[in-house]
Amino acid sequence: MVCSCCGLQRDQNDVAALACRDDITICRDCIGWLSARAGCLDVTPTLPVSDMASSKAFFERAGFDVRLYDGGFAFVTAHDQSVFDLDLISDLDASANHAGCYIITGSADSWHAHMTAAGLQVSPIEDKPWGMHEFTLTDADGNNIRIGRNLSTD
């Protein structure tokens, strides 16, 4: 599929059509460029972990890509997009950790199915009063990663 902005051939999973013109498709790179030009924020939270090797394995099982860096740090991505970072905190007390992040995606149900099949600790996926269809993935360090989609887009 060709991106209508940059003209490059892209995988169909890496482009989206405009809501008003389904014949115009834009790739992730051009969407990111456009978001930056429009002044949109791009925020990547950092989550504390006590064991980088086990955290890397956990998040890879959850379906993320994890790139380790020297000094106890890792970048976590999905579909080449930054999602969150990991920071090694050797004396982390998981019971006192209240860190987390929220991933908004149109495919919350498929993420939930994948994580459940992988045997990870996830809450049931359900519609919440605040207008999200969501669930929570919790890691061994007490980080809560909520994943959901906006019900108003149904």
Side-chain angles (χ1 to χ4, degrees), residues 1 10-19 22 25-32 34-36 38-154:
M1 187 168 264
R10 302 291 188 172
D11 182 278
Q12 69 179 13
N13 295 322
D14 292 332
V15 297
L18 297 180
D22 62 2
T25 57
I26 310 294
C27 72
R28 290 178 192 272
D29 290 342
C30 291
I31 291 170
L34 184 60
S35 291
C40 297
L41 296 177
D42 185 8
V43 178
T44 303
T46 301
L47 304 178
V49 297
S50 61
D51 181 327
M52 190 61 77
S54 65
S55 292
K56 179 181 187 295
F58 175 87
F59 286 113
E60 287 176 340
R61 230 171 76 219
F64 298 100
D65 297 312
V66 181
R67 276 192 331 248
L68 298 177
Y69 288 90
D70 290 338
F73 204 79
F75 292 163
V76 180
T77 61
H79 308 288
D80 295 322
Q81 182 178 354
S82 178
V83 182
F84 52 88
D85 299 334
L86 302 175
D87 188 16
L88 182 62
I89 308 295
S90 57
D91 61 349
L92 178 67
D93 177 2
S95 66
N97 182 16
H98 302 288
C101 64
Y102 202 112
I103 300 169
I104 300 171
T105 175
S107 55
D109 290 296
S110 62
W111 278 91
H112 187 265
H114 168 82
M115 292 177 185
T116 301
L120 300 173
Q121 180 183 342
V122 294
S123 67
I125 191 164
E126 55 191 7
D127 295 348
K128 298 294 189 178
W130 46 88
M132 296 298 287
H133 179 71
E134 69 180 39
F135 69 97
T136 302
L137 167 70
T138 303
D139 72 3
D141 291 304
N143 292 303
N144 290 306
I145 295 90
R146 291 181 22 204
I147 301 172
R149 68 174 167 77
N150 192 323
L151 288 169
S152 67
T153 59
D154 289 346

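What you see is a predicted model, and the numbers here were worked out from it, not measured in a lab.
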Looking at D80, I want to see if its CG is surrounded by more than 12 non-hydrogen atoms of other residues, nucleotides or ligands under 6.0 Å. no
Distance (rounded to the nearest 0.5 Å) between [X] [atom1] and [Y] [atom2]:
X: R10; Y: I26; atom1: CZ; atom2: CD1; result: 11.0 Å
X: S152; Y: H133; atom1: OG; atom2: NE2; result: 13.5 Å
X: R146; Y: S123; atom1: CZ; atom2: OG; result: 9.5 Å
X: N143; Y: H98; atom1: CG; atom2: NE2; result: 11.5 Å

Enumerate donor-acceptor pairs with a distance under 3.5 Å from any side-chain N or O in residues 56-75 to protein atoms, sequence neighbours excluded.
{"residue": "K56", "atom": "NZ", "partner": "E60", "partner atom": "OE1", "Å": "3.3"}
{"residue": "K56", "atom": "NZ", "partner": "E60", "partner atom": "OE2", "Å": "2.6"}
{"residue": "R61", "atom": "NE", "partner": "A118", "partner atom": "O", "Å": "3.3"}
{"residue": "R61", "atom": "NH2", "partner": "A118", "partner atom": "O", "Å": "3.4"}
{"residue": "R67", "atom": "NE", "partner": "Y69", "partner atom": "OH", "Å": "2.9"}
{"residue": "R67", "atom": "NH2", "partner": "Y69", "partner atom": "OH", "Å": "3.3"}

For the residue pair [X] and [Y], establish whether any side-chain heavy-atom pair is separated by less than 4.5 Å.
X: I147; Y: H112; result: no
X: D14; Y: C27; result: no
X: M1; Y: D11; result: no
X: I145; Y: L47; result: yes

Start with the C-alpha gap between T25 and Q12, add the side-chain angles, then the distance that decides, and say whether side-chain contact (heavy atoms from CB on, under 4.5 Å) holds. CA-CA 9 Å; T25 57; Q12 69 179 13; over 6 Å; no
I'd like a table of donor-acceptor pairs (distance under 3.5 Å, sequence neighbours excluded) in which one partner is a side-chain atom from residues 83-93, with atom names and distances.
{"residue": "D93", "atom": "OD1", "partner": "S95", "partner atom": "N", "Å": "3.1"}
{"residue": "D93", "atom": "OD1", "partner": "S95", "partner atom": "OG", "Å": "2.7"}
{"residue": "D93", "atom": "OD2", "partner": "S95", "partner atom": "OG", "Å": "3.4"}

With sequence neighbours excluded, what pairs up with T105 under the side chain to side chain donor-acceptor pair (under 3.5 Å) test? S107
Sorted by chain and residue number, the side chain to side chain donor-acceptor pair (under 3.5 Å) partners of T138 (sequence neighbours excluded) come out as N144
Summary of salt bridge (charged side-chain N to carboxylate O under 4.0 Å, His left out) pairs that have at least one residue in residues 100-110, sequence neighbours excluded: D109-R149
Could you name each residue pair satisfying salt bridge (charged side-chain N to carboxylate O under 4.0 Å, His left out) that touches residues 113-133, not counting sequence neighbours? E126-K128
Where is the tightest heavy-atom contact between G131 and N150, given as atom of each residue plus distance? O-OD1, 3.6 Å
So which heavy atom on P48 is nearest to which on D141, and how close? O-CB, 3.9 Å
